[in-house]
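Worksheet: one structure, shown below.
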Amino acid sequence: MKRPICACGKNQCAINYIRKGKMYYRSMCDVCGRRRKKLKPRIPGWTKSGYKKKSTCDLCGFPSLYAQQITVFHVDGQLKNVALSNLRSICLNCVEVVKHREVTWKRGDLVVDY
Ligand SMILES: [Zn+2]
Ligand SMILES: [Zn+2]
């Protein structure tokens, strides 16, 4: 089954469930589904711990102009571990470096796949 496109024409339909290796899709994309259910966009877990994303990179000290230039990483790769000691603010340049070197690090503010 080919992944259908949502009625909004912007995104692919969200995955509903996978059974016996076969994917089943919802009738709309995640964005439309959330809008319809009046759900707020997903909030990254680390925000609950009170962690504040820094404006400078923890690795190279790059001062960001926009919040989007910095990504919050979980050092141990466990997105549920939102202890402050497990969180780092990393600039997009260092994201690439981290991906190659520190394989356990995971981005904490990735959005769902649409
Ligand atoms: Zn849609
Ligand atoms: Zn950096």
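In each ligand, atom 1 is the first atom listed, and ligand 1 is the first ligand listed. Bear in mind that the values here come from a model prediction, so they are computed numbers and not experimental data. We're numbering straight along the sequence, starting at 1.
By the 4.5 Å heavy-atom criterion applied to side chains, Y17 and I15 are not counted as neighbours. Side-chain contact between L92 and T71: present, with at least one pair of heavy atoms (C-beta onward) separated by less than 4.5 Å. The side-chain heavy atoms of N86 and W46, taken from C-beta on, include no pair separated by under 4.5 Å. Between I5 and C13, every side-chain heavy-atom pair lies at or beyond the 4.5 Å cut-off. For the pair V72 and R88, the minimum side-chain heavy-atom distance is 4.5 Å or more.
Listed for the S64 side chain is a donor-acceptor partner under 3.5 Å among the backbone atoms of S55.
Separating the NZ atom in K53 from the CG atom in D58 is a distance of 12.0 Å, to the nearest 0.5 Å.
Heavy-atom minimum distance, D30 versus A14: N-CB, 3.8 Å.
Within a radius of less than 2.8 Å around the Zn ion (ligand 1), the protein N, O or S atoms are C6 SG, C8 SG, C29 SG, C32 SG. If you look at the Zn ion (ligand 2), the protein N, O or S atoms less than 2.8 Å from it are C57 SG, C60 SG, C91 SG, C94 SG.
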- Query: Please walk me through it: do Y25 and Q12 pass side-chain contact (heavy atoms from CB on, under 4.5 Å)?
  - Reply: CA-CA 9 Å; Y25 304 102; Q12 296 179 304; over 6 Å; no
